[in-house]
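Every chain is numbered from 1 and lettered A, B, ... according to where its sequence line falls, protein lines coming before strand lines.
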Amino acid sequence: MPELPEVETVRRSLEPFLVGQTITQVEVREPRLRRPLPSEFAGTLTGRTIRAIDRRGKYLHFQLDDQQIWLVHLGMTGQLIIEAHAVLPLAHDHVRVALSSGQHLRYNDPRRFGLMVVGTAAEIEAVTKLGHEPLGKKFTTSYLVATAQRTQRTIKDVLMDQRVVAGVGNIYASELLFRAGVRPGRVAGTLARAEIERIVKMTKTVLQEAIRHRGSSISDYRDGEGKEGGFQQRFRVYDREEEPCRTCRTAICRETRGGRSSFFCPTCQQ
DNA sequence: CGCACCCCCTGCCGGC
DNA sequence: TGCCGGCAGGGGGTGC
């Protein structure tokens with residue numbers, strides 16, 4: 001569910017509550033996430049202090065003592081929610097963390113597509129294998145042109161490949177391609193440089209705008225305090241099949257490839 | 001190696 | 001009302 005803007009919003013919302021806190025107790029109620037949590041997971045986290053919270057792509061990095069990183073990926077339905085006090089476990093609360101402040105952090109994830117790993121930076125890198133940050137300086141037109149030229153995949157598939165650029169998912173891929181005026185099904189290598197340039201620019205614009213609106217809440221996304229985002233009200237194409245394009249009133253089209261939907265305006269996008 | 005397909009899991013929604 | 005199929009923001013493994 002959560003893409004870069006949602007993960008960044010969660011990071012910002014948790015930061016004031018968690019940085020400087022020591023983990024006093026960890027309860028694993030369901031270890032069967034995308035990768036089973038090892039038996040030593042709780043012991044490894046207990047007693048450590050959270051020095052900072054960083055984000056890389058759709059992953060959160062809780063920086064701990066001794067160069068260790070607690071890596072968290074929210075999958076489709078994962079939530080990290082801070083509670084002022086211990087509360088009774090809710091359905092799908094798989095991991096619960098008590099903090100020195102007396103507050104508690106719940107990891108709730110109905111579909112269990114999320115991931116947690118504790119390890120060094122090198123170990124985390126081997127797990128995540130991410131490309132450039134879309135909002136960073138290295139994500140440039142030249143980089144995306146070069147990447148697009150050595151693949152037969154569609155531009156949307158390339159943008160959603162986390163090894164190419166880290167953090168774009170199904171919603172923002174459709175939204176940024178609308179703004180760039182490029183159809184999601186175009187083969188990446190056939191795009192003109194000017195089109196790639198618009199795509200790179202709109203990737204940054206749309207992600208920044210979505211962060212400003214605290215992400216998109218379709219059904220279950222919430223930030224660390226349980227608050228909804230607002231960017232879903234600004235979607236131009238995502239989940240708007242048959243609805244009029246906000247620019248030209250043409251009906252928005254939906255296409256499915258590999259089980260995932262793409263949305264676009266057949267008039268505004270070539 | 002690149003890519004298409006299928007799977008993982010639960011919940012919800014629409015149609016019959 | 002109830003059941004069933006399809007779909008959902010994620011990623012990974014397999015086999016061609």
Check the distance between [N]'s [atom2] and [X]'s [atom1] and give it to me in whole angstrom.
X: A/R35; N: B/dC9; atom1: CZ; atom2: P; value: 17 Å
X: A/R34; N: B/dC7; atom1: CZ; atom2: P; value: 19 Å
X: A/E30; N: B/dT10; atom1: CD; atom2: P; value: 9 Å
X: A/D239; N: C/dG6; atom1: CG; atom2: C1'; value: 14 Å

Choosing from [options], which nucleotide comes nearest the side chain of [X]?
X: A/R254; options: C/dG9, C/dC7, C/dG10; value: C/dC7
X: A/R153; options: C/dG10, C/dG9, B/dC3; value: B/dC3
X: A/K58; options: C/dG10, B/dT10, B/dC3; value: C/dG10
X: A/S261; options: C/dG9, C/dA8, B/dG11; value: C/dA8

So [X] and [Y], would you call those rings parallel, tilted or perpendicular, with 30° and 60° as cut-offs?
X: A/H94; Y: A/Y107; answer: tilted
X: A/F263; Y: A/Y238; answer: perpendicular
X: A/W70; Y: A/F41; answer: perpendicular

>> The criterion is salt bridge (charged side-chain N to carboxylate O under 4.0 Å, His left out); which residues satisfy it with A/E8, sequence neighbours excluded?
In response: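 Partners of A/E8 by the salt bridge (charged side-chain N to carboxylate O under 4.0 Å, His left out) criterion, ordered by chain and then number, come out as A/R11, A/R12, A/R55.
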
> Excluding sequence neighbours, so at least two apart, what forms salt bridge (charged side-chain N to carboxylate O under 4.0 Å, His left out) with A/R163?
Replying inline: A/D161

>> Just to verify, what does A/E209 make a side chain to side chain donor-acceptor pair (under 3.5 Å) with, not counting sequence neighbours?
In response: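 A/R179.
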
>> With rounding to the closest Å, how many angstrom separate the P atoms on B/dC9 and C/dC3?
In response: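 Per the computed distance, 23 Å lies between those P atoms.
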
> Given A/R186 and A/E195, is the salt bridge (Lys or Arg N to Asp or Glu O under 4.0 Å) satisfied, shown in steps?
Replying inline: CA-CA 11 Å; A/R186 295 271 302 281; A/E195 291 178 310; 3.0 Å; yes

Protein N or O to nucleotides 13-16 of chain C N or O, pairs below 3.5 Å:
none

What contact category does [X] fall into here, base, sugar-phosphate, or nothing, at under 4.0 angstrom with non-hydrogen atoms?
X: A/Y172; value: nothing
X: A/R260; value: base
X: A/G258; value: nothing

> Which stems, defined as runs of 3 or more consecutive Watson-Crick or G-U wobble pairs with both pairing distances under 3.5 Å, involve DNA chain C?
Replying inline: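 Runs of three or more consecutive pairs: B:2-8 with C:10-16, B:10-16 with C:2-8.
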
> Looking at residues 114-125 of chain A, who's got a heavy atom less than 4.0 Å off DNA chain C?
Replying inline: none

> Pick the nucleotide of DNA chain C nearest each of A/T256 and A/V127; which residue has the one closer to the 5' end?
Replying inline: A/T256

